A.B. asks: 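Here it is: the structure, laid out below.
In what follows, every heavy atom counts, from backbone to side chain, and hydrogens, waters and symmetry copies are set aside. Chain A is the first sequence line, chain B the second, and so forth, proteins listed ahead of strands; every chain is numbered from 1. Note that the structure is a prediction, hence the values are computed from the model and not measured.
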2 protein chains.
Amino acid sequence: MTRPIKKSEATCARILDAALDMFRTRGFEETTMRGIAAAAEVSLGSAYYYFESKEDLVMAFYERAMEAMAPRIEAALASTAGFEETVGALITVKFEYFQPSRNFLGALLKHAADPRNRLSPFSKATRSIRERDQVYFGRAIAQSRDVRVPDELSPHLPMLLWLYQMGLILYWIYDRSPGQRQTRLLREKSLALLVGGLKISRFALLKPLRTKIVELIVLAEGGTSHGASEDA
Amino acid sequence: MTRPIKKSEATCARILDAALDMFRTRGFEETTMRGIAAAAEVSLGSAYYYFESKEDLVMAFYERAMEAMAPRIEAALASTAGFEETVGALITVKFEYFQPSRNFLGALLKHAADPRNRLSPFSKATRSIRERDQVYFGRAIAQSRDVRVPDELSPHLPMLLWLYQMGLILYWIYDRSPGQRQTRLLREKSLALLVGGLKISRFALLKPLRTKIVELIVLAEGGTSHGASEDA
DNA sequence: GTCTATATCGGGATAGAC
DNA sequence: GTCTATCCCGATATAGAC
């Protein structure tokens with residue numbers, strides 16, 4: 001209790017390290033709990049003592065990833081570049097960090113569509129991670145001088161940008177072009193188009209369209225579990 | 001051989017019926033092959049004799065669904081209503097048909113995001129089903145008199161409408177509002193907005209924007225496995 | 001050709017002994 | 001806290017009844 005490093009912590013870390021390593025190299029499905037236990041030199045039962053399920057190990061992976069990316073994200077936000085560059089940089093951090101785990105993420109995103117699945121980026125369990133990431137986009141918007149977002153749209157924009165990022169990541173995971181060139185192109189072109197759209201979204205002429213779009217966004221958000229009201 | 005109804009067909013149908021029933025009531029993961037065999041009153045071996053895997057039973061479900069919906073879809077296309085109504089009717093057929101299987105579809109869509117998974121609506125295995133459905137949307141476009149789609153956009157529109165439909169279905173599956181009211185609202189409003197967008201997409205003023213969007217669509221299609229070139 | 005019974009394997013998860 | 005033994009399930013394989 002008094003010592004900072006207990007034996008149990010070391011065991012726990014050893015299991016997690018072994019798991020993440022195998023997840024990265026072999027993927028999620030291919031990695032077995034028996035394999036993890038063997039690599040960590042503990043029994044199967046011990047592995048389950050520390051992590052209730054294979055999914056729990058994935059949650060730990062998410063947490064670690066967000067922690068590791070935080071300083072790089074701060075660096076991206078600290079630069080004085082324009083809005084498009086800053087958002088592009090935020091997204092690039094993710095792509096670079098997840099590059100070695102691309103296959104693993106692929107296996108994970110099988111569960112992505114189901115917000116009831118703990119591992120889904122839309123689940124309650126991943127909520128804090130998701131919100132932390134959306135706050136980064138919010139800061140990019142707040143500090144940008146070259147793009148002024150209409151007031152009705154701005155409360156939704158962090159979420160929308162995050163969603164856009166998730167779409168890109170999904171595309172990237174299944175992109176089979178060499179070096180995922182296709183995703184890079186799509187990322188650049190779509191971001192330019194998106195920022196262009198935001199810039200003209202203030203035009204008075206577009207007011208009715210804008211209103212309808214915001215209505216739709218509010219409506220869509222209302223039906224999700226991570227919206228304002230949580231239960232049902 | 002000569003008799004229309006062979007014993008094997010009856011057995012096969014019994015297994016499929018039992019499976020679909022259990023899928024609907026209990027969900028995909030919770031339904032076991034042993035359970036299916038027991039409900040169909042055949043041995044486990046027999047179940048595997050007719051269906052190579054649990055996934056095969058799901059494929060049979062898809063096939064059945066498309067067959068069952070075909071006449072209703074034809075009826076929707078036969079009406080002389082406008083474009084928005086016709087597309088709305090096409091989509092409504094799906095919602096009504098899949099209503100009793102909503103939970104089951106939820107379990108399925110765990111695999112949806114992975115185009116390499118056979119059960120994914122984006123997979124090679126489901127390709128013919130997907131294309132058949134897209135053709136329906138193509139017919140709705142072709143016969144519509146109130147909406148003229150720009151030439152650059154029209155080859156992509158059946159796919160885009162199908163994708164839009166899939167998005168709505170995904171939303172619907174996880175919609176927890178009573179009677180999935182939320183989805184109905186979203187469906188109506190988004191379709192109106194979409195058709196409105198299509199109508200103004202012909203304006204000469206929007207030509208540069210249109211070009212960029214089409215470029216983006218072509219780019220995105222190029223990276224998918226169900227695009228023009230199939231392998232890699 | 002149709003079907004049963006049964007054995008086997010790999011893998012996630014759990015119970016209970018120590 | 002750790003391990004062994006066990007269970008369940010999907011999947012495969014096989015031998016043989018009819």
Side-chain angles (χ1 to χ4, degrees), chain A residues 1-23 25-61 104 107-108 110-111 114 117-119 125, chain B residues 1-20 22-23 25-61 104 107-108 110-111 114 116-119 125:
Chain A
M1 302 296 169
T2 42
R3 276 181 313 165
I5 301 162
K6 292 183 295 184
K7 192 188 169 197
S8 66
E9 275 173 20
T11 309
C12 181
R14 215 166 62 239
I15 295 169
L16 183 55
D17 284 337
L20 298 195
D21 189 55
M22 291 183 85
F23 282 155
T25 54
R26 288 215 250 276
F28 180 68
E29 314 279 3
E30 292 66 30
T31 300
T32 68
M33 287 298 279
R34 283 167 175 82
I36 293 168
E41 293 178 309
V42 295
S43 73
L44 178 62
S46 282
Y48 274 105
Y49 175 77
Y50 285 102
F51 298 92
E52 284 198 345
S53 68
K54 216 169 140 182
E55 292 186 353
D56 266 41
L57 285 159
V58 175
M59 292 298 293
F61 170 78
F104 171 43
L108 274 195
K110 280 189 180 174
H111 311 268
D114 185 356
N117 186 293
R118 297 187 57 224
L119 297 186
Chain B
M1 299 296 169
T2 41
R3 275 182 311 164
I5 298 165
K6 291 184 296 183
K7 191 188 170 199
S8 67
E9 275 174 21
T11 308
C12 182
R14 214 165 65 240
I15 294 169
L16 184 54
D17 284 336
L20 299 196
M22 292 184 84
F23 283 155
T25 53
R26 288 215 250 278
F28 179 67
E29 315 279 3
E30 291 68 29
T31 301
T32 68
M33 285 299 279
R34 285 168 176 83
I36 293 169
E41 294 177 308
V42 296
S43 70
L44 179 62
S46 276
Y48 275 106
Y49 176 77
Y50 285 102
F51 298 93
E52 284 198 346
S53 67
K54 213 169 138 181
E55 291 186 354
D56 267 41
L57 285 159
V58 175
M59 293 297 293
F61 169 77
F104 171 43
L108 275 193
K110 280 189 179 173
H111 311 269
D114 185 355
R116 291 169 307 195
N117 186 294
R118 295 186 58 224
L119 298 185

A.B. asks: When you compare the side chain of A/F104 with that of A/T31, does any pair of heavy atoms fall below 4.5 Å?
C.D. replies: no

A.B. asks: What residues, two or more places apart in sequence or in another chain, satisfy side chain to side chain donor-acceptor pair (under 3.5 Å) together with A/D21?
C.D. replies: none

A.B. asks: Only distances under 3.5 Å count here; give the side-chain donor-acceptor pairs of residues 11-20 of chain B to other protein atoms, sequence neighbours excluded, each with its distance to 0.1 Å.
C.D. replies:
| residue | atom | partner | partner atom | Å |
| --- | --- | --- | --- | --- |
| B/T11 | OG1 | B/K7 | O | 3.0 |
| B/R14 | NE | B/A40 | O | 3.0 |
| B/R14 | NH2 | B/A40 | O | 3.4 |
| B/D17 | OD1 | B/R64 | NH1 | 3.1 |
| B/D17 | OD1 | B/R64 | NH2 | 3.0 |

A.B. asks: Which pairs count as ring pair (Phe, Tyr, Trp, His ring centres under 6.0 Å) when at least one residue sits in residues 28-52 of chain A, sequence neighbours excluded?
C.D. replies: A/F23-A/F28

A.B. asks: For DNA chain C, what dot-bracket results from Watson-Crick or G-U pairs at under 3.5 Å, with [ ] for crossers and | for inter-strand partners?
C.D. replies: ||||||||||||||||||

A.B. asks: Holding to side chain to side chain donor-acceptor pair (under 3.5 Å), I want the full list of residues that pass it with A/S46, two or more places apart in sequence or in another chain.
C.D. replies: A/S43

A.B. asks: Apply side chain to side chain donor-acceptor pair (under 3.5 Å) to A/T32 and list each qualifying residue two or more places apart in sequence or on a separate chain.
C.D. replies: none

A.B. asks: Kindly state each residue pair satisfying salt bridge (charged side-chain N to carboxylate O under 4.0 Å, His left out) with at least one member in residues 37-60 of chain A, sequence neighbours excluded.
C.D. replies: A/D56-A/R118

A.B. asks: For each nucleotide in nucleotides 2-18 of chain D, reading 5' to 3', give B when a protein heavy atom comes within less than 4.0 Å of its base, S when such contact involves only the sugar-phosphate, and - otherwise.
C.D. replies: BBB----BBBB------

